[in-house]
Amino acid sequence: MALELDQAAPPSLTYDIYHGNEVHSLADLVDSFTKNYLDMNGSSIQTLESPPTAGEFAQLVHISRPVIIKGFQIPALKRWTDDYLQTKLQDQPISVAITPNGRADAVAAGPGGRLFFVEPFIKKVSMRKLLEELNAGTYTQQDSDNLSASYLQSQNGNIYSSRFFELPNDDPSEFGALREDVPSTIPWVTEALGRNPDAVNLWIGNSKSITSIHSDPYENIYTVIRGSKHFTLLPPCEGWCLQERMYPHAVYGHTDNNNCLSVVPSSDTPQVRWSSVCNPDLPGSLPPEAHPLHVTLEAGDTLYLPVGWWHYVQQSGPTTIALNWWYDAEVRGMNWIWLSLLRGSGNVPSGNDETETR
């Protein structure tokens, strides 16, 4: 996941805007955007029974609203059983994220009770070992809250990176043996956007793995291969509801020869801007002005998630597998300016000025 939607600091929400004899704060206008967006778009999500044409998808990008797409068929949907994955990858080491609670890339308490943005511990295992851990973890989850969680979420092009489209023979991947099952591009997206993906990623986890709420600077095509994925979505105009804060960076690691993972602060990594809302599904975690959308994807379902949309993701099933294609967003014109504006003030307060996250 991308940590920043835009490095440039957007205007402060405390600025006043003069309209005739009235004075409005930018915060008032953003609140108005939120209400108007809901009035015009409602709370439903369109479902397409078959993939769109390039022209139809270009229109969806223009509207910039999530859409569920049925019927996007790729070989992985029929082939990727546990046996198949183990046979194809054999003893190939693959990078797996390990956390004590299933929340990689998330806010957690560290030394001294301070809050940190914590990235996972990474270990190399075989596909066989990963699947064994996931299946065992799912079936014993109610009795294993203190056990670590494994999630294959290396992202940033773990199947295909942007380099593949320039030098196909010089883009090594831990999952090279699976490339024949995964198209490097989606024709109707590539034609509509006029570019190849920036990254194609594989995700494998179980119900213990949760993706904290965030937004990405990509047009995202997300397909579930096995299991179910549960998305909580908020439009860019409701980003202010997520109360972003600045957190010092840390990673999970082993200290004092202890097998348990603990938060290890980083010494030379910049602070990270992140939502202080840990679980937007909890009652009271969002202001009443927020109107999250809830979407469940089953195997074979695809979600178009437009650039800038906030998403919180849970999953269910003994093993949940998904693929996604990240296409760079168009930064020309006004769209990027609006996304930065709606995200809120560039003067983001510290997350450690508050006693707890929500």
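With a 6.0 Å radius and a threshold of 12 heavy atoms from other residues, nucleotides or ligands, M334 has its CE atom above the threshold. D39 CG: more than 12 foreign heavy atoms inside a 6.0 Å radius. Within 6.0 Å of the NZ atom in K78, the count of heavy atoms belonging to other residues, nucleotides or ligands does not exceed 12.
Considering only heavy atoms from C-beta on, M40 stays 4.5 Å or farther from K35 through its side chain. Looking only at side-chain heavy atoms (C-beta outward), Y160 and P197 stay at 4.5 Å or farther from each other. Side-chain contact between V182 and W325 is present, with at least one heavy-atom pair separated by less than 4.5 Å.
At a cut-off of 3.5 Å, with distance as the only test, a side-chain donor of N324 or W203 sits close to an acceptor on the other residue. With 3.5 Å as the limit, one finds no donor-acceptor pair spanning the side chains of N158 and S173. For the 3.5 Å distance criterion, the side chains of W240 and T34 qualify, holding a donor opposite an acceptor.
In terms of heavy atoms, P111 sits closest to F116 at CD-CE1, 3.8 Å. The minimum heavy-atom distance linking S148 with I98 is given by the pair CB-CG2, 3.8 Å. Shown here for L115 and G351, the closest heavy-atom pair between the two residues is CD1-O, 3.7 Å. Heavy atoms only, all atoms of each residue included: M127 and Q86 are closest at CG-N, 4.3 Å. Closest of all the heavy-atom pairs between V307 and S64 is O-OG, 4.4 Å.
Atoms OG1 and CG, on T223 and D301 in that order, are 9.0 Å from each other to the nearest 0.5 Å. One finds the CG atom of L242 at 5.5 Å from the CH2 atom of W310 (value rounded to the nearest 0.5 Å). In this structure, CG in L286 is found 6.0 Å from CG in L234, a value given to the nearest 0.5 Å. One finds the CZ atom of R163 at 13.5 Å from the CG atom of D198 (value rounded to the nearest 0.5 Å).
The pair D83-R128 does not count as a salt bridge, with every side-chain nitrogen at least 4.0 angstrom from each carboxylate oxygen. R226 has a carboxylate O that lies under 4.0 Å from a charged side-chain N of D82, or vice versa, which qualifies the two as a salt bridge. Using a 4.0 Å cut-off between a side-chain N of Lys or Arg and a carboxylate O of Asp or Glu, K229 and E298 do not qualify as a salt bridge.
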- prompt: Passes salt bridge (charged side-chain N to carboxylate O under 4.0 Å, His left out), R273 versus E244? Steps please.
  reply: CA-CA 6 Å; R273 180 175 176 172; E244 287 186 284; 3.2 Å; yes
- prompt: Does the pair N220 and H311 meet the rule for a side chain to side chain donor-acceptor pair (under 3.5 Å), with working shown?
  reply: CA-CA 11 Å; N220 189 356; H311 47 292; 4.9 Å; no
Residue pair D171, S161: steps toward the side chain to side chain donor-acceptor pair (under 3.5 Å) verdict: CA-CA 7 Å; D171 182 37; S161 75; 2.6 Å; yes
message: Using side chain to side chain contact (heavy atoms under 4.5 Å, CB included), reason through R195 and Y327 one step at a time and then give a plain yes or no.
response: CA-CA 8 Å; R195 58 178 67 93; Y327 283 79; 4.3 Å; yes
- request: Please step through ring pair (Phe, Tyr, Trp, His ring centres under 6.0 Å) for the pair H230 and H294, ending with a clear verdict.
  value: CA-CA 7 Å; H230 313 285; H294 300 280; over 10 Å; no
task: Mind running side chain to side chain contact (heavy atoms under 4.5 Å, CB included) on N206 and T320 for me, showing each step along the way?
output: CA-CA 6 Å; N206 62 13; T320 301; 5.8 Å; no
field: Audit row: E119, H249, side chain to side chain contact (heavy atoms under 4.5 Å, CB included) steps and yes/no
entry: CA-CA 8 Å; E119 295 195 57; H249 183 273; 2.6 Å; yes
task: Please report the C-alpha distance between Q92 and S126 in whole Å, then the side-chain angles of each, then the deciding distance to 0.1 Å, and finally whether the side chain to side chain contact (heavy atoms under 4.5 Å, CB included) criterion is met.
output: CA-CA 6 Å; Q92 165 69 42; S126 67; over 6 Å; no
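The main-chain N or O of G157 is found under 3.5 Å from a side-chain atom of N201 such that the two form a donor-acceptor pair. At least one donor-acceptor pair closer than 3.5 Å links the side chain of N279 to the backbone N or O of D281. Using a distance-only test at 3.5 Å, with no hydrogens or angles considered, a donor-acceptor pair links the side chain of E174 to the main chain of S95. Under the 3.5 Å distance criterion, the side-chain polar atoms of D181 are left unmatched by any main-chain donor or acceptor of P75. In terms of modelled atom types and a separation under 3.5 Å, the side chain of S276 and the main chain of Q243 share a donor-acceptor contact. Although no hydrogens or angles enter the test, the distance criterion places no donor-acceptor pair under 3.5 Å between the side chain of W80 and the main chain of I321. For the pair E330 (side chain) and R332 (backbone), a donor-acceptor distance under 3.5 Å is present. No donor-acceptor pair under 3.5 Å is formed between the side chain of Q315 and the backbone N or O of G227. For the pair Y37 (side chain) and P236 (backbone), a donor-acceptor distance under 3.5 Å is absent. A donor-acceptor pair under 3.5 Å is formed between the side chain of S212 and the backbone N or O of D105.
Between Y247 and W274, the distance separating the two ring centers is not shorter than 6.0 angstrom. Ring centroid separation for the pair Y222 and F231 comes in under the 6.0 Å cut-off. Within the 6.0 Å centre-distance limit, the rings of F121 and H254 are counted as a close aromatic pair.
Residues I45 and L38 are members of separate hydrophobic clusters, defined by side-chain heavy-atom contacts under 4.5 angstrom among Ile, Leu, Val, Met, Phe, Trp and Tyr. I122 and F117 fall into different hydrophobic clusters, where Ile, Leu, Val, Met, Phe, Trp and Tyr side chains are chained together by heavy-atom contacts under 4.5 Å. In this structure, L77 is a member of the same hydrophobic cluster as L152, with clusters built from ILVMFWY side-chain heavy atoms closer than 4.5 Å. The cluster map of Ile, Leu, Val, Met, Phe, Trp and Tyr, joined by side-chain heavy atoms under 4.5 Å apart, puts V295 and I63 in different clusters.
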